[in-house]
Number of protein chains: 2
Amino acid sequence: MLKDVTPNTAEIARTDAGLASTLRVSVMRLARRLRNERDAEDDLTPNQLAVLGTLARCGALTIGELAGAEKVQPPSMTRIVNCLVDKGLLQRRPHPGDKRVVVVSLTDEARAVVLESRRRKEAWLNKQLSELSLAERRILRDAAPLLERLSQA
Amino acid sequence: MLKDVTPNTAEIARTDAGLASTLRVSVMRLARRLRNERDAEDDLTPNQLAVLGTLARCGALTIGELAGAEKVQPPSMTRIVNCLVDKGLLQRRPHPGDKRVVVVSLTDEARAVVLESRRRKEAWLNKQLSELSLAERRILRDAAPLLERLSQA
DNA sequence: TATTGTTATACTCTATAACTATA
DNA sequence: TATAGTTATAGAGTATAACAATA
């Protein structure tokens, strides 16, 4: 009887002993460290911040889509959106073709806030990266697209 | 006049054009994806979950230290801790030497919850990793300790 | 007198239920 | 009749202020 040489999950887990574990820990820690690197957006609640981030990633979304993405109920999302509209960070627009639906998108001011937040995190990260060797930065340059691919699985 | 060859931050940012940006995005996305991979701990609030995670990483802490770590006020942490004690996930003990202080630590049951949460995330991650090539996994194995080092800067 | 933590109270945020408008 | 969103109300969760115990 021939042996099955197709790599299965258990076998890979063994040969890559601990890779998932160390990768999970390091990714979660770095993400937490980056998340703490905030400033201007400090007066926003976590959910408000998450809405800005989601809209920055996904573009304009409806109230229902936003509620689903942030895992809150529609009435809560109505409130969150209203609050951000009052702050001048979101704009509501009617859906072309379905008058029940409300489309929400970032204002220019919100885009500036998001960009500033990114700039701040990346400035911190650049400073840390500058203390690595060229070879080490090369490894991270190779790793980044792989992490991206994993996140989209 | 001799040119200064010491690499400065601006120069490195240019040569590593976009590294901080792509790395930040990929790390944050993978962390978000991993965070969504939960199940048993679904009946806990985000702050309750964070307290379990912090205690799992740092060991026993006082109410004040926990409040500082989670960025909530002491009365709120008292409430969160009481709730977790009622659920059998935390135990309170007097501080040896300072009777004002309360030391909080995980119960065996809480440790089991945390381990199960990690197991679940790592099972998902292992599955995704199994679809990468050996060379790609090698890159991630090299990258993990670098990410860890960045997070501790 | 200063510090750690708790209790009392008010405020904010979220969820459920009922309602309006549109499909 | 079903769906998207809003309004009204009740329920968690957090913060501020006042307090108790210890240093």
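Keep in mind that the numbers below use all heavy atoms, side chains included, and drop hydrogens, waters and symmetry copies. Below, chain A is the first sequence line, B the second, and so on; all start at residue 1. Keep in mind that what you see is a predicted model, and the values were worked out from it rather than measured.
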Report task. Mind running a 4.0 Å heavy-atom check of residues 65-82 of chain A against DNA chain C and sending the residues that fall below it, in number order? Result -> A/Val72, A/Gln73, A/Pro75, A/Ser76, A/Arg79, A/Ile80

Query raised in the report: Going by atom types only, do A/Glu70 and A/Thr54 share a side-chain donor-acceptor pair under 3.5 Å?
Result: yes

Report task. Answer yes or no: is there a side-chain heavy-atom contact under 4.5 Å between B/Val51 and B/Asn47? Result -> no

Requested in this report: Would you kindly give the CG-to-P distance between B/Leu84 and D/dG13, to the nearest whole Å?
Outcome: 10 Å

Query raised in the report: Of all the choices, D/dG5, C/dG5, C/dA23, which nucleotide is nearest to the side chain of B/Val102 once you look at every atom?
Result: C/dG5

Requested in this report: Kindly compute the distance separating OG (A/Ser21) from CZ (A/Arg24), expressed to the nearest 0.5 Å.
Outcome: 6.0 Å

Query - A/Arg33/A/Glu37 ion pair, N-O < 4.0 Å - result: yes

Report task. Apply salt bridge (Lys or Arg N to Asp or Glu O under 4.0 Å) to the pair A/Arg149 and B/Glu136, showing each step before the final yes or no. Result -> CA-CA 11 Å; A/Arg149 206 196 306 169; B/Glu136 289 169 332; 2.9 Å; yes

**Report entry** Length of the CD1-C1' vector between A/Ile63 and C/dT22, whole Å
**Finding:** 16 Å

Query raised in the report: So, is A/Asn47 near the phosphate of C/dT14, with a side-chain N or O under 4.0 Å from OP1 or OP2?
Result: yes

**Report entry** Closest nucleotide among C/dA23, D/dG5, C/dT4 to the A/Arg100 side chain
**Finding:** C/dA23

Report task. May I ask you to test the A/Leu66-A/Leu55 pair for a side-chain heavy-atom distance under 4.5 Å? Result -> yes

Report summary line: Result for 5'-nearest mapping on DNA chain C, choosing between B/Thr62 and A/Cys83, is B/Thr62

